[in-house]
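In the text below, chain A, chain B and the rest are named by the order of the sequence lines, each starting its count at 1.
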Number of protein chains: 2
Amino acid sequence: MRVLKYAILGLLEQEKQTGYDIAAAFKGALGQFWSAKHSQIYPELKKLVAEGLIEFETVIQGEKLEKKLYSLTVAGEAELKEWMQRLEAVDVSHKDEFMLKTFFISSMEKEEAKELFSNQLDSRKRKLDELGRILTELEAEFGSNIVFSSPEFGHYLVLTRAIEREKGYIQWLERSLQFME
Amino acid sequence: MRVLKYAILGLLEQEKQTGYDIAAAFKGALGQFWSAKHSQIYPELKKLVAEGLIEFETVIQGEKLEKKLYSLTVAGEAELKEWMQRLEAVDVSHKDEFMLKTFFISSMEKEEAKELFSNQLDSRKRKLDELGRILTELEAEFGSNIVFSSPEFGHYLVLTRAIEREKGYIQWLERSLQFME
DNA sequence: GATCGCATGTAACACGTTACATGATTGT
DNA sequence: ACAATCATGTAACGTGTTACATGCGATC
């Protein structure tokens with residue numbers, strides 16, 4: 001399916017950037033739903049150049065540090081557009097190790113299970129707080145200027161989705177803990 | 001991390017079964033959160049036998065069809081228990097190709113984006129219906145007998161989580177569509 | 001006798017992570 | 001000078017999917 005390929009094309013469509021920048025982008029809100037390490041990004045960039053979907057110019061930073069600024073070619077833009085419009089089937093299994101443990105919960109003592117769930121609840125709450133802070137920053141910067149055509153719209157949608165995903169998980173954890181009483 | 005290893009140990013703890021049965025288990029509710037193909041399961045079973053965590057007896061089905069019934073060894077039970085109690089960190093990126101597209105939404109025409117979201121909404125609603133049907137069946141069979149210690153408890157928790165995950169996704173899709181107006 | 005489900009396996013390839021490896025720039 | 005960050009790459013390994021390959025059992 002080569003999803004990383006499209007992730008890179010999408011990021012480069014937003015802005016000319018280096019492999020390092022792409023890796024950094026995966027550490028933000030986008031990383032909640034897709035990410036890759038630099039060891040996967042650099043070979044993929046090479047491949048995309050070979051395929052004629054992207055190109056780069058070498059830029060000198062400071063005295064002699066060479067960095068490669070990548071951008072989309074016309075062919076790359078077309079590929080990206082084709083993928084964006086594709087209507088793909090929902091994939092079944094979003095792997096979740098905690099839910100796998102949950103499936104086997106009857107093999108545990110009740111107190112052990114409660115500890116497992118409480119711990120997960122704490123982690124999820126902390127994550128929710130962090131995501132909330134990022135959203136507050138985004139709203140402070142752009143306020144009500146986030147509309148469809150603005151480039152922040154995607155960022156905003158992804159953040160709200162991540163936040164509600166955590167809220168849903170937390171609610172379910174709380175109700176499950178109650179159910180265990 | 002070898003999560004498949006623990007998935008198999010957990011399934012075998014519930015019941016002696018064949019590789020085929022394990023593959024079938026991943027097609028049920030459990031498959032919403034973890035799954036593997038038979039081509040991955042059979043080698044893993046072999047490995048677990050070599051490691052002394054599981055063992056098997058050969059059973060003849062009908063005239064001459066040999067099948068291998070696997071079960072946990074004492075060492076396997078201990079490994080499973082150790083994993084179940086481990087308090088692991090929440091992993092960041094649950095990969096979701098649709099959310100990746102969402103991040104790049106500003107590169108689309110509004111009408112294209114609406115089509116993408118509407119289509120995803122339809123798929124998610126159909127999936128929710130299906131999960132609801134499975135839950136209804138489970139409740140019809142066990143009713144209010146699903147309590148902590150019953151083996152159906154894990155199944156029940158996983159199903160309710162899957163259902164609420166879909167509901168949350170659907171709500172977010174609907175609000176995002178409204179936002180695009 | 002044909003089709004579908006049960007049952008087991010391997011091979012090739014694609015995707016992803018950890019570790020190895022190097023060096024420049026910026027701010028303190 | 002030191003540390004943190006910027007910047008790029010490869011190698012080895014682990015995980016996961018698709019395709020190849022085979023044969024029995026049950027039902028129509």
Side-chain angles (χ1 to χ4, degrees), chain A residues 1-8 11-12 15-28 31 33-51 54 56-70 88-89 91-97 100, chain B residues 1-8 11-12 16-28 30-31 33-51 54 56-70 88-89 91-97 100:
Chain A
M1 254 171 296
R2 301 202 50 203
V3 183
L4 176 58
K5 161 177 155 178
Y6 299 105
I8 291 175
L11 285 168
L12 293 182
E15 189 169 11
K16 271 189 191 186
Q17 54 195 306
T18 66
Y20 188 88
D21 295 330
I22 289 167
F26 288 134
K27 284 174 186 157
F33 300 101
W34 206 270
S35 76
K37 317 272 175 174
H38 78 273
S39 56
Q40 203 183 353
I41 293 165
Y42 289 116
E44 188 66 32
L45 285 167
K46 219 172 203 178
K47 209 171 172 185
L48 292 172
V49 170
E51 291 169 344
I54 64 175
F56 66 90
E57 39 175 333
T58 303
V59 173
I60 304 293
Q61 186 85 338
E63 284 290 291
K64 49 183 161 175
L65 179 66
E66 290 190 357
K67 62 179 186 180
K68 294 176 180 170
L69 264 185
Y70 290 91
E88 260 149 326
D91 52 325
V92 199
S93 102
H94 270 221
K95 292 192 169 180
D96 183 331
E97 192 172 349
L100 179 62
Chain B
M1 255 170 296
R2 300 203 48 204
V3 183
L4 176 59
K5 161 178 154 177
Y6 298 106
I8 290 174
L11 285 168
L12 293 182
K16 273 189 190 184
Q17 55 194 306
T18 66
Y20 188 88
D21 294 331
I22 289 167
F26 289 133
K27 283 172 187 159
L30 173 58
F33 299 102
W34 205 271
S35 77
K37 316 272 174 171
H38 78 273
S39 57
Q40 202 182 355
I41 293 165
Y42 289 115
E44 187 65 31
L45 285 167
K46 219 173 202 177
K47 209 172 171 184
L48 292 171
V49 170
E51 290 168 344
I54 64 174
F56 67 90
E57 38 175 333
T58 304
V59 173
I60 304 292
Q61 185 85 338
E63 283 289 291
K64 48 181 161 176
L65 178 65
E66 289 190 358
K67 60 178 188 181
K68 294 176 181 171
L69 263 185
Y70 290 91
E88 260 149 327
D91 53 324
V92 200
S93 103
H94 270 221
K95 294 194 168 179
D96 183 333
E97 191 172 347
L100 179 62

Enquirer: Could you check how far CD1 of B:Ile8 sits from C1' of D:dT15, rounded to whole Å?
Expert: 13 Å

Enquirer: For side-chain contact (heavy atoms from CB on, under 4.5 Å), just list the numbers for B:Phe26 and B:Leu11, CA-CA rounded to whole Å, side-chain angles, deciding distance to a tenth of an Å, and then say yes or no.
Expert: CA-CA 10 Å; B:Phe26 289 133; B:Leu11 285 168; 4.2 Å; yes

Enquirer: Apply the test side-chain contact (heavy atoms from CB on, under 4.5 Å) to residues B:Asp91 and A:Asp96: give CA-CA distance (whole Å), side-chain angles for both, the deciding distance (0.1 Å), then the verdict.
Expert: CA-CA 9 Å; B:Asp91 53 324; A:Asp96 183 331; 5.8 Å; no

Enquirer: Kindly write out the residues that satisfy side-chain hydrogen bond (donor to acceptor under 3.5 Å, both in side chains) with B:Glu57, not counting sequence neighbours, or none if the list is empty.
Expert: B:Lys16

Enquirer: B:Lys46: which residues meet the side-chain contact (heavy atoms from CB on, under 4.5 Å) condition with it, sequence neighbours left out?
Expert: none

Enquirer: Determine whether A:Leu65 and A:Ile60 satisfy the following criterion, side-chain contact (heavy atoms from CB on, under 4.5 Å), listing intermediate values before the conclusion.
Expert: CA-CA 6 Å; A:Leu65 179 66; A:Ile60 304 293; over 6 Å; no

Enquirer: Give the rounded distance in Å between these two atoms: OH of A:Tyr70 and C1' of D:dG9.
Expert: 10 Å

Enquirer: Does A:Pro43 or A:Lys67 map to a spot on DNA chain D nearer the 5' end, using the closest nucleotide for each?
Expert: A:Lys67

Enquirer: Both B:Tyr42 and A:Ala36 contact DNA chain C. Taking the nearest nucleotide for each, which residue is further toward the 5' end?
Expert: B:Tyr42

Enquirer: Do A:Leu48 and A:Leu12 have side chains that approach each other closer than 4.5 Å (heavy atoms only, starting at C-beta)?
Expert: no

Enquirer: Closest-nucleotide mapping onto DNA chain C: is B:Lys95 or B:Leu69 further toward the 5' terminus? I mean the 5' end.
Expert: B:Leu69

Enquirer: So does B:Lys68 get a side-chain nitrogen or oxygen closer than 4.0 Å to the phosphate oxygens (OP1/OP2) of C:dG9?
Expert: yes

Enquirer: Restricting to ring-ring contact (aromatic ring centres under 6.0 Å, His included), what partner residues turn up for A:Tyr20, sequence neighbours left out?
Expert: none

Enquirer: Of all residues at least two apart in sequence or in a different chain, which pass the side-chain hydrogen bond (donor to acceptor under 3.5 Å, both in side chains) check with B:Tyr6?
Expert: B:Arg86

Enquirer: What is the distance, to the nearest angstrom, from the CD1 atom on A:Ile60 to the P atom on D:dT8?
Expert: 12 Å

Enquirer: Send over the distance from A:Lys27 NZ to D:dA7 P, rounded to a whole Å.
Expert: 12 Å

Enquirer: Please give, in whole Å, the distance from D:dT8 P to A:Glu44 CD?
Expert: 16 Å

Enquirer: Using whole Å, report how far NZ of B:Lys47 lies from C1' of C:dG9.
Expert: 17 Å

Enquirer: Can you check the B:Arg2 CZ to D:dG14 C1' distance for me, whole Å?
Expert: 10 Å

Enquirer: If I take atom CZ in residue B:Phe56 and atom C1' in nucleotide C:dT8, what distance separates them, rounded to the nearest angstrom?
Expert: 12 Å

Enquirer: What's touching nucleotides 18-24 of chain D from the protein side, N or O pairs under 3.5 Å?
Expert:
unit_1, atom_1, unit_2, atom_2, d
D:dT18, O4, B:Ser39, OG, 2.7

Enquirer: Take atom CD of A:Glu66 as the centre, draw a 6.0 Å sphere, and report whether it contains more than 12 heavy atoms from other residues, nucleotides or ligands.
Expert: no

Enquirer: Measure the angle between the two terminal helix axes of the helix from C:dG1-D:dC28 to C:dT28-D:dA1, five base pairs each, and quote it to 10°.
Expert: 30°

